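Taking it in order: structure first as structure tokens, then the write-up.
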Amino acid sequence: MMNTKLYKTVLGLAGELMNAAQQQDQTSFDSLYERLKALCIEHENTEKDHPVQWETLADFTDEFSGALLIYEKALAKATVINAKDYMSSIGYAMATMHVELGQTDAALACLQAAQVSANKIPDKALKAEIAELLNTLQYGV
């Protein structure tokens with residue numbers, strides 16, 4: 001279970017990051033990103049460490065290779081606590097990045113693992129996105 005105060009902080013930073021990105025305010029974006037990164041590092045390997053903070057950091061990481069490393073950390077943390085919803089969303093995000101990088105085999109592996117995790121969650125939209133991308137990569141459909 002995630003600390004409520006931490007969750008609200010991460011959610012607030014994500015909203016501010018989105019606003020900065022939409023306004024193309026790189027200075028604010030960079031500052032907010034560093035605050036989120038510092039928050040992740042501060043809580044790493046403590047009782048407040050949670051995959052959502054790492055997934056959020058990865059979501060706002062511009063460089064795909066850097067984002068994939070952060071997603072891997074988030075996935076490992078989600079796996080430890082058996083958080084199927086995070087395992088599914090992180091796996092899907094990783095797959096989309098692998099697709100962008102032309103790494104189809106890696107994307108398929110991420111999607112297949114995400115699909116297994118998604119079988120245990122109620123989020124129908126995420127399940128559909130995973131299935132759709134999986135079908136596209138496997139069958140060109």
Side-chain angles (χ1 to χ4, degrees), residues 1-140:
M1 179 118 193
M2 183 172 192
N3 177 287
T4 302
K5 182 179 177 185
L6 179 59
Y7 178 77
K8 288 180 179 179
T9 301
V10 170
L11 186 62
L13 286 169
E16 291 180 57
L17 280 159
M18 286 296 295
N19 288 337
Q22 288 172 346
Q23 295 172 3
Q24 298 181 351
D25 182 351
Q26 192 64 47
T27 302
S28 292
F29 183 91
D30 291 344
S31 174
L32 292 162
Y33 181 87
E34 287 304 316
R35 283 177 51 198
L36 178 59
K37 183 177 178 181
L39 188 75
C40 291
I41 292 168
E42 175 186 346
H43 296 122
E44 187 170 16
N45 299 321
T46 71
E47 68 279 352
K48 292 183 178 179
D49 199 3
H50 195 275
V52 74
Q53 64 193 16
W54 296 100
E55 181 178 14
T56 304
L57 183 65
D59 288 344
F60 290 102
T61 300
D62 291 332
E63 183 184 310
F64 285 166
S65 61
L68 281 167
L69 290 174
I70 299 169
Y71 279 129
E72 287 173 9
K73 181 179 278 199
L75 183 58
K77 292 177 183 300
T79 302
V80 166
I81 62 172
N82 200 30
K84 302 286 188 192
D85 49 347
Y86 291 105
M87 293 164 64
S88 302
S89 64
I90 294 164
Y92 177 75
M94 290 176 69
T96 61
M97 290 199 166
H98 283 301
V99 167
E100 291 293 324
L101 293 169
Q103 301 167 346
T104 305
D105 290 343
L108 284 168
C110 289
L111 284 170
Q112 289 164 343
Q115 189 174 49
V116 169
S117 297
N119 285 333
K120 306 290 185 195
I121 66 170
D123 187 341
K124 292 180 183 178
L126 179 57
K127 288 180 183 183
E129 289 176 4
I130 292 168
E132 182 179 331
L133 185 54
L134 192 54
N135 283 335
T136 299
L137 292 178
Q138 288 178 326
Y139 309 111

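From a predicted model like this one, the values you see are computed outputs, not experimental measurements. Basis for what follows: all heavy atoms, side chains included, without hydrogens, waters or symmetry-related copies. For this chain, numbers begin at 1 and follow the sequence in order.
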ask   = Side chains of Val10 and Leu39: closer than 4.5 Å at any heavy-atom pair?
value = yes
request  = For residues Tyr33 and Thr61, report the shortest heavy-atom separation together with the two atoms involved.
outcome  = OH-OG1, 2.7 Å
message = Ignoring hydrogens, what is the shortest heavy-atom contact between Leu137 and Ala107? Give both atom names and the distance.
response = CD1-CB, 3.8 Å
message = Let's go through Asp30 and Gln26 carefully: what are the C-alpha distance in whole Å and the side-chain angles of both, what is the deciding distance for side-chain hydrogen bond (donor to acceptor under 3.5 Å, both in side chains) to 0.1 Å, and is it a yes or a no?
response = CA-CA 6 Å; Asp30 291 344; Gln26 192 64 47; 2.7 Å; yes
query = Near Tyr7 OH, under 6.0 Å, is it more than 12 heavy atoms from other residues, nucleotides or ligands?
reply = no
task = Say whether, by atom type as modelled, one donor and one acceptor occur between the side chain of Ser117 and the main chain of Ser88 under 3.5 angstrom.
result = no
remark   = Heavy-atom closest pair (Leu6 atom, Gln53 atom, distance to 0.1 Å) is CD2-OE1, 3.3 Å
ask   = Going from CG on Leu68 to CD on Glu63, what distance comes out if it is rounded to the nearest 0.5 angstrom?
value = 10.0 Å
ask   = Under 4.5 Å between any side-chain heavy atoms of Leu111 and His98, yes or no?
value = no
ask   = Are Tyr71 and Asp59 close enough that a side-chain donor and a side-chain acceptor fall under 3.5 Å?
value = yes
ask   = Does NZ in Lys127 sit with more than 12 non-hydrogen atoms of other residues, nucleotides or ligands closer than 6.0 Å?
value = yes
Nearest heavy-atom neighbours spanning Phe29 and Phe60 = CZ-O, 3.4 Å
inquiry  = Let me confirm one number: the NZ-CG distance from Lys8 to Leu13, rounded to the nearest 0.5 Å.
reply    = 14.5 Å
ask   = Which residues satisfy the ring pair (Phe, Tyr, Trp, His ring centres under 6.0 Å) test with Tyr86, sequence neighbours excluded?
value = His50
message = Checking Thr56 against Leu36 for the side-chain contact (heavy atoms from CB on, under 4.5 Å) test, could you report, in this order, the C-alpha distance in whole Å, the side-chain angles of both residues, the deciding distance, and whether it holds?
response = CA-CA 8 Å; Thr56 304; Leu36 178 59; 3.7 Å; yes
query = Is it true that Glu42 and Lys48 make a salt bridge, defined as a side-chain N closer than 4.0 Å to a carboxylate O?
reply = no
query = Once you round to the nearest 0.5 Å, how far does OG1 of Thr9 lie from NZ of Lys5?
reply = 6.5 Å
inquiry  = Has Ser31 got a side-chain atom pairing as donor or acceptor with Ser28's backbone, closer than 3.5 angstrom?
reply    = no
Between CG on residue Asn45 and NZ on residue Lys77, distance to nearest 0.5 Å = 4.5 Å
ask   = What distance do Glu72 atom CD and Cys110 atom SG have between them, rounded to the nearest 0.5 Å?
value = 8.0 Å
key: Gap between atom CG of Asn82 and atom OG1 of Thr79 - 0.5 Å precision   = 8.0 Å
message = Could you check whether any side-chain heavy atom of Ser89 comes within less than 4.5 Å of a side-chain heavy atom of Leu126, counting everything from C-beta outward?
response = yes
key: Residue pair Ile70 / Trp54: nearest heavy atoms and the distance that separates them   = CG2-O, 3.2 Å
